[in-house]
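Below is one structure, written out as structure tokens, with a few remarks after it.
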Amino acid sequence: MNTVEHLKKGARDLAWFVKGIMGEDAYDKYKAHHESRHPSGGGEAPPVMTEREFWRDQTDRQDTNPQGRCC
Amino acid sequence: MGTRPRTPHDSTEGAGTLDRDPALLAVALDQTTHDAEEAHWTPAKIAIWGGISLLGGLSWVMLAVVRGETVNAIWFVFASVCTYLIGYRFYSNYIQKHLLKPDDRRATPAEYKADGKDYAATDRRVLFGHHFAAIAGAGPLVGPVLAAQMGYLPGTIWIIVGVVLAGAVQDYLVLFFSMRRGGRSLGQMARDELGKVGGTAALIATLAIMVIIVAILALVVVNALAASPWGVFSVSMTIPIALLMGCYLRFFRPGKVTEVSIIGFILLLAAIIGGGMISSTEWGAAFFHVDPLPLAIGIIIYGFVAAILPVWLLLAPRDYLSTFMKIGTIGMLAIAIVIVRPEISVPAFSEFTANGGPVVSGSLFPFLFVTIACGALSGFHALIASGTTPKLIEKERQTRFIGYGGMLMESFVAIMALVAAVSIDRGIYFAMNSSAALTGGTVEGAVAFVNSLGLTGVNLTPDMLTQTAKDVGEATIVSRSGGAPTLSVGLAHIMQQVAGGKGMMAFWYHFAIMFEALFILTAVDAGTRVARFMLQDSLGNVFPKFKNTSWRTGAWLTTGIMVLAWGAVLIMGVTDPLGGINTLFPLFGIANQLLAAIALAVCMAIVAKRGMFTYLWIVAMPLAFAAVVTISASFLKIFSTIPAVGYFAQNRAFSEALAAGQTSFGTAKTVAAMEAVVRNTMVQGLLSILFVVLAIIVMVTAIQATWRSWKSRDFGTNEDTAIPSEMFAPSGFLPTPAEKELGASWDAQARLEKSAKSNR
């Protein structure tokens, strides 16, 4: 790998890390999980939520199951 | 039942079910590989650890023994980081090896309960960040500032030694035990391990402690914003900014969290700069000048509204913003301290170690240990470590890095707060942190008071106070107690040397105020929500209707009760003639440490039930210390005959003065103020009694449970059944060579599967 490739990889890793910390990768994780449980053509797989549906569902779940923040 | 003696729990339990087909890739390294790696001391490794030990030792010598005229802040950084590294490498490893014995062949809840939402295996480095953002808040920033009264050394020793032997141990244990129980909460674990009485006492104590903690955090914000038009403007702008972010995420670009946080951050900077402009106009200064009482009422109303609004609108976006600010600012401060390396002229031990002083009443023992709770040992973390984090952990061995390591990070935040507080002039420190009752709230009063303390090397002039106030863009810095303003002055003082110079001090000051206010407000409404659900759950046992959390009336009613509870304590603190934060902060620390004692007591019962008495001391030692500190602090607060220390002694002194027909007593200048003191001290005293009684009940039931295990030798566990894992991940921040090798095999297999799939 040359310097440019190194820098590119570094930037990609940083973006991955920041997104992970901010929780932005939640939908990707959900989709990956869904696919691993219900590989395509698996017959009666439950429908996968769209991105919009997923984020709504996520905050709605937080409404009924709040998480504390420390002092 | 229970007559057949069982063998003590160890890592071989359930080995039969966890055996894996040798033809498949291993999901864990075996213990011999771990042991071999550990015992393999290469020259490089020896040199590194030798270097760390030497540097750490030298730093402690510089801090504790040499103590020249001044001491450089860099020694705090080296002493803490080296001690953390040694504690992590050796002590947490010892705990892992002998007490917890994690077994990576077992699936974690994130694997066996995986739903892609609440239970989702998360990369250990990312989860470390999540966990750190959830545990670190205003606590480790405020406590060390107040404890700086006693000099720099007591606080430094307690923060560093306390975290290695107590705080990080608690977080690690609770996280591990909760993970083994499918992510059960501390309250549920208390019920399982301690029975009905202990469990109920733990639940009530947790609820009461949450109320007091939310109240005192809110008080810190009120004290930081009162009579500060700039602060009021910029902090209140966070509400529309959060609403905007919430709508953006909901309707415009769902899931673009980083993007919206950057937008929010830019708006936040604009709000800080705008606050400076507005507060320099006449109408702005008048309009945004809010007195403490109306400000407190505003926060109470805000707390209620924020807790009943849907999460997506206010709480979630502000949480993103707060995480962004938290990690960014803490990183920035760490770098700045290393670059600036301020010289510190505060003595190692001040004149106030024996009998207390204007900031914290009472002697070093036990009050240092309750003033600095977060950063050394924080019970509140047990609620986080038994909340979201255990449901996201990939592998059992990672609990050490996340639980123990995460708490070390928070401790480092506390050290930085201490450095920031001791890097400002001592005279200014005391002028800012002595209550208005002592300074009269005026520059002249503060100068006269501070100079009358007879502190060596302190010669405060009125000019120093007015100049500093001008530099940070505030009308006055006299009696701005509560820790946040002092920390902000310290941070501004350090940051301006890195970026912007004196002209930027006001910006940095308000940046720091904003940073603290943001996550305190998040803690306030998240805390109110959590408390509301706990109350609903408890009430539901009597009135089943409350169990239904979507029942609107019930939700509003219970939210209202919780808000009124902390609101009452907040109003009490704001109107207290004795200075509010100085009398209430010990209660905060005691409450937090009692929660820690409860969490450690539950851990002790669990360890005993596993039959691991040889290593029980790992839990018993911090538990005993927390118990001694909190019980003696509580008893002093309840029984001390010194009015400055004992709530009831204060109460008696004022009652007697009232009965004698006096119209002014001590710092209370009117009969109404005297009556307020009588009322407040009574409430504070009763709260102290409540906390200590509940905590003693929990500890006694835990000791009973431990004794039962010892007597009966009937060992077992309330853990979920072991389920074999199907995945592999390294355990620490950096993978070891053996982990790397195994990880590479897994990667290769994943690539193979992928190409096979695409070829089909």
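Just so you know, these numbers come straight off a predicted model, no measurement behind them. So you know, we letter chains A, B, ... as the sequences are listed, proteins then strands, and number each from 1.
Contact annotation for L313(B): neither backbone nor side-chain heavy atoms come within less than 4.5 Å of a heavy atom of chain A. Contacts between A531(B) and chain A at a heavy-atom distance below 4.5 Å are absent for every atom of the residue. Contacts between F251(B) and chain A at a heavy-atom distance below 4.5 Å involve backbone atoms as well as side-chain atoms. Interface residue I213(B): only side-chain heavy atoms are found under 4.5 Å from chain A.
Among the candidates P140(B), A114(B), G139(B), the residue making the largest number of heavy-atom pairs closer than 4.5 Å to chain A is A114(B). Contact tally against chain A (heavy-atom pairs below 4.5 Å) for G387(B), G116(B), A120(B): the top residue is G116(B). Of the residues considered (G137(B), A138(B), G255(B)), G255(B) shows the highest number of contacts with chain A, using heavy-atom pairs under 4.5 Å. Ranked by heavy-atom pairs under 4.5 Å with chain A, the list G129(B), A134(B), A121(B) is led by A134(B).
Counting heavy atoms of neighbouring residues, nucleotides and ligands inside a 6.0 Å radius, atom CZ of F733(B) does not exceed 12 of them.
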Any donor-acceptor pairs between chain B and chain A, under 3.5 Å? If so, list them.
from: G20(A); atom 1: O; to: H130(B); atom 2: NE2; distance (Å): 3.0
from: E24(A); atom 1: OE1; to: V257(B); atom 2: N; distance (Å): 3.4
from: E24(A); atom 1: OE1; to: T258(B); atom 2: N; distance (Å): 2.7
from: E24(A); atom 1: OE1; to: T258(B); atom 2: OG1; distance (Å): 2.4
from: K29(A); atom 1: NZ; to: T122(B); atom 2: OG1; distance (Å): 2.8
from: R52(A); atom 1: NH1; to: F251(B); atom 2: O; distance (Å): 3.1
from: R52(A); atom 1: NH2; to: F251(B); atom 2: O; distance (Å): 3.2
from: T59(A); atom 1: OG1; to: R250(B); atom 2: NH1; distance (Å): 3.4
from: R61(A); atom 1: NH1; to: D118(B); atom 2: OD1; distance (Å): 2.8
from: D63(A); atom 1: OD1; to: V311(B); atom 2: N; distance (Å): 3.0
from: Q67(A); atom 1: OE1; to: T388(B); atom 2: OG1; distance (Å): 3.1
from: R69(A); atom 1: NE; to: D319(B); atom 2: OD1; distance (Å): 2.8
from: R69(A); atom 1: NE; to: D319(B); atom 2: OD2; distance (Å): 3.4
from: R69(A); atom 1: NH2; to: D319(B); atom 2: OD1; distance (Å): 3.4
from: R69(A); atom 1: NH2; to: D319(B); atom 2: OD2; distance (Å): 2.6
from: C70(A); atom 1: N; to: A134(B); atom 2: O; distance (Å): 3.0
from: C71(A); atom 1: O; to: G137(B); atom 2: N; distance (Å): 3.3
from: C71(A); atom 1: O; to: G139(B); atom 2: N; distance (Å): 3.3

